[in-house]
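Working notes, structure below.
First the proteins, then the strands, lettered A, B, ... as listed; each starts at 1. Quick caveat: nothing in here was measured; it's all calculated off a predicted structure.
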Amino acid sequence: MSKNFYITTPIYYPSGKPHMGHAYSSIIADIFARFKRIEGYNVLFLTGTDEHGQKIQKEAEKNKKDPQIFCDELSSTFKSLTKTLNLSNDDFIRTTESRHFKSVNEIWNRLVKSGDIYLDKYSGWYSVSDEAFYDDDEIEDKDGKKISRLSGSSVEWVEENSYFFKLSAWQDKLLEYYKKNKDFILPLSRRNEVVSFVEKGLKDLSISRTSFSWGIPVPTNNDHVIYVWLDALTNYISALNFPDTNDRKFRNFWPADVHIIGKDILRFHAIYWPAFLFAAELPLPKRIFGHGWILSDEKKMSKSLGNILDPIQIITKYGVDQLRYYLVKEVSLGNDGSISMENLKNCINNDLANNYGNLCQRVFSFVKKNCNNKIPKANNLKEVDLKLIGNIKSSVPSLINLINKQDLNSYLKMIVSFSFEANKYFNDSEPWTYKMRDPERMNTILYTIIEQIKNISILLNPIIPNSTQTVLETLNISQDKFSIENVLKDNIFNHNQELKNLDILFKKIENDN
RNA sequence: GGCGAGGUAGCUCAGUUGGUUAGAGCACAGGACUCAUAAGCCUGGGGUCGGCGGUUCGAAUCCGCCCCUCGCUACCA
């Protein structure tokens with residue numbers, strides 16, 4: 001029986017260009033997906049785009065394009081981002097696909113059947129320019145006109161027929177669920193926010209609109225389209241061929257192991273989505289992980305501040321592994337994190353070029369010069385040798401545990417410490433002094449350090465897939481051997497095959513760059 | 001306003017149930033080495049652990065008050 005693992009990113013709303021936030025969610029999710037694969041799981045990793053709504057419809061009209069064609073273009077931008085970020089997603093779902101229509105229809109019908117949907121009026125102060133509703137206390141009078149306190153734009157009272165979802169009815173059941181499943185929402189601080197929000201009481205949710213048409217029609221009333229969250233969230237099961245609950249994908253992968261999301265959409269995932277699923281009598285995902293925001297030099301990125309760090313630009317300039325590594329290293333997953341070009345440079349130079357990159361370089365070039373470019377055989381491993389290799393192997397259970405808790409920062413830290421350890425071992429062992437007087441000892445040292453490089457590279461593979469693949473292939477280890485199992489296994493090397501040539505893995509970034 | 005998180009070296013952060021000279025990485029200074037991307041290794045300087053008071057033989061760690069920062073406080077996504 002194989003172990004399954006289902007992980008998702010949010011589906012992105014493509015009204016703007018992909019930015020660092022999108023990149024971050026996707027990279028984080030990809031790292032977990034890749035790790036679970038090398039751990040031996042059968043992984044389904046899903047990402048995609050959320051394409052309905054008024055904003056897209058208006059944009060399409062403005063561009064004089066058919067909304068579907070317009071969406072095709074927007075979505076392809078995000079699809080190409082998956083390549084740029086080197087994501088290993090198994091599927092890319094779009095809410096405009098027919099499989100999603102079917103799935104949303106079924107969800108709607110189930111909610112009707114359970115008695116959770118009713119027709120009423122939705123009313124409130126609406127600002128056309130902000131495309132947002134405001135509460136009474138967010139409105140003020142100015143020259144006899146009502147305006148939004150926040151944006152200053154004028155608002156009007158609108159009333160619209162709308163279907164509602166009885167969110168309030170699920171309040172107790174949600175709280176009970178949070179209580180029973182302490183790690184349903186992570187990190188804990190986010191869980192507390194959600195719990196206290198629900199405790200304050202839930203209002204019913206408007207789930208349809210008549211003011212625009214770009215969406216999935218309400219099955220029994222085509223004047224309405226199904227509004228955003230009920231539509232968008234359902235993507236997670238649409239990709240599993242819901243409503244066919246006997247489908248192999250659905251059976252294997254639902255409930256999802258973890259939805260990776262940004263904290264800005266936590267409520268929808270931690271409250272609405274579980275409530276919808278309760279009502280539809282479907283199991284709930286095992287975990288919602290809400291990460292923080294990426295800030296640029298301590299501030300939110302904005303055009304006016306001119307501090308936007310564009311992931312695509314950074315990748316073009318420095319490389320995709322470099323960005324992936326840096327984001328994991330610098331941002332404490334779960335909290336907001338600050339990134340800057342200065343720190344990116346330091347990180348690439350220190351961690352990647354000097355530490356891991358140079359470790360590989362110094363060892364491989366030594367082997368080339370002194371061992372006919374073949375991995376030497378060990379004989380008579382000493383205690384220092386066994387200790388070096390033993391440390392990393394005995395850490396594997398804790399490393400797996402860290403990943404299961406989504407504690408990527410500690411995971412990375414631990415592996416970096418192995419890289420330090422390896423550099424120190426190489427220094428202290430001084431293999432160059434054994435060239436003449438004890439080649440067997442030299443060989444043993446080299447074998448040991450290569451074993452360590454192999455293990456570090458496999459464990460780092462989920463984070464920096466390209467560079468570690470280069471290193472492992474230099475050692476003639478093929479991709480099907482990248483596994484945790486092979487970290488635990490000694491000597492998977494072919495001692496008769498010459499090593500491939502290793503170019504500089506990470507170029508250093510100079511100041512004038 | 002209410003609820004929550006946090007304030008530890010120049011910077012980013014670790015510090016399990018209170019216990020010996022408070023740790024890591026980066027940055028900075030010095031040293032020995034040479035396999036390597038002038039990389040790596042060793043040593044060192046640097047902290048009234050936000051402030052005040054309390055409990056205790058002993059507190060960064062527990063209690064009280066105060067100061068500061070940040071998050072959440074529903075239908076743009």
Side-chain angles (χ1 to χ4, degrees), chain A residues 10-16 21 50 52-56 122 124 126-127 130-135 162 164-165 167 187-207 209 227-230 232 261-268 271-272 290 292-293 295 298 329-332 334-340 342-343 346-347 349-370 409-410 413 416-417 419-420 422-435 442 445-446 449 502-509:
Chain A
I11 47 171
Y12 303 115
Y13 200 66
S15 65
D50 172 21
H52 290 129
Q54 191 169 29
K55 217 181 241 177
I56 298 282
Y122 181 57
Y126 184 73
S127 158
D130 299 351
E131 293 173 22
F133 280 90
Y134 294 104
D135 270 350
S162 169
F164 281 81
F165 173 73
L167 185 62
L188 238 51
S189 55
R190 302 265 168 249
R191 172 184 181 273
N192 296 340
E193 283 173 15
V194 170
V195 170
S196 73
F197 183 85
V198 176
E199 278 173 345
K200 274 186 219 161
L202 294 173
K203 288 187 214 161
D204 289 348
L205 199 67
S206 161
I207 49 166
R209 287 289 185 275
Y227 191 52
V228 55
W229 289 107
L230 187 54
I261 55 163
K263 65 176 183 181
D264 47 337
I265 52 173
L266 179 64
R267 177 179 312 142
F268 313 117
I271 301 173
Y272 298 0
W293 282 333
L295 309 174
E298 302 289 330
K329 166 93 196 270
E330 190 78 350
V331 180
S332 159
N335 298 319
D336 289 355
S338 198
I339 60 173
S340 70
E342 176 69 17
N343 289 339
N346 283 337
C347 175
N349 288 352
N350 292 319
D351 281 46
L352 293 177
N354 292 348
N355 199 325
Y356 174 69
N358 186 54
L359 171 69
C360 298
Q361 205 65 45
R362 71 196 293 204
V363 171
F364 294 169
S365 105
F366 196 98
V367 169
K368 192 173 194 174
K369 281 180 195 159
N370 300 293
N409 303 98
S410 304
K413 219 172 184 174
V416 170
S417 78
S419 190
F420 275 104
N423 268 314
K424 181 172 165 50
Y425 167 85
F426 202 64
N427 262 61
D428 294 353
S429 304
E430 301 183 316
W432 47 91
T433 64
Y434 292 101
K435 246 184 265 182
M442 180 186 82
I445 294 166
L446 290 172
I449 192 91
L502 183 72
D503 291 326
I504 296 290
L505 274 175
F506 306 99
K507 265 192 224 144
K508 287 230 234 180
I509 297 159

(request) Whole angstrom is fine here: how far is it from NZ in A:K508 over to C1' in B:A39? (result) 6 Å
(request) Pick out which of A:N350, A:N354, A:N349 makes a side-chain hydrogen bond (donor to acceptor under 3.5 Å, both in side chains) with A:K508. (result) A:N354
(message) If you only use heavy atoms from C-beta on, which nucleotide in B:G2, B:G4, B:C41 is closest to the side chain of A:K200?
(response) B:G2
(request) May I ask you to verify if any side-chain N or O of A:Y227 is less than 4.0 angstrom from the OP1 or OP2 atom of B:A77? (result) yes
(message) Heavy atoms from C-beta onward define the side chain here; which of B:A74, B:U37, B:G40 lies closest to that of A:K203?
(response) B:A74
(request) Would you indicate which nucleotide in B:G40, B:A74, B:C41 comes nearest to any side-chain atom of A:D428? (result) B:C41
(request) Provide the closest heavy-atom pair for A:I261 versus A:L266 in the form atom of the first, atom of the second, distance. (result) CD1-CA, 3.5 Å
(message) Measuring from the side chain of A:N192 (C-beta onward, heavy atoms only), which nucleotide among B:A74, B:G4, B:C41 has the closest atom?
(response) B:G4
(request) In whole angstrom, give the distance that lies between atom CG of A:L505 and atom P of B:A39. (result) 17 Å
(request) Figure out the CD/C1' separation between A:E330 and B:C26, and round it to whole Å. (result) 10 Å
(request) Could you tell me whether the phosphate oxygens of B:C42, OP1 or OP2, come under 4.0 Å of any side-chain nitrogen or oxygen in A:K424? (result) yes
(message) Using only modelled atom types and a 3.5 angstrom limit, is any donor from either the side chain of A:N358 or the base of B:G40 paired with an acceptor on the other?
(response) no
(message) Can you tell me which nucleotide in B:C26, B:A36, B:A39 comes closest to the side chain of A:N350?
(response) B:C26
(message) Tell me whether the side-chain N/O atoms of A:K435 come closer than 4.0 Å to OP1 or OP2 in B:C35.
(response) yes
(message) At less than 4.0 Å, is any side-chain N or O atom of A:K369 found next to OP1 or OP2 of B:A36? Yes or no.
(response) yes
(message) In this structure, how many angstroms lie between the C1' atom of B:G71 and the CZ atom of A:R190, rounded?
(response) 6 Å
(request) Could you check which of B:G40, B:C41, B:C72 has an atom nearest any side-chain atom of A:E193? (result) B:C72
(request) Using the six-membered ring for Trp and the full ring for Phe, Tyr or His, decide whether A:W432 stacks on the six-membered base ring of B:C35 (centres under 5.5 Å, planes under 30°). (result) yes
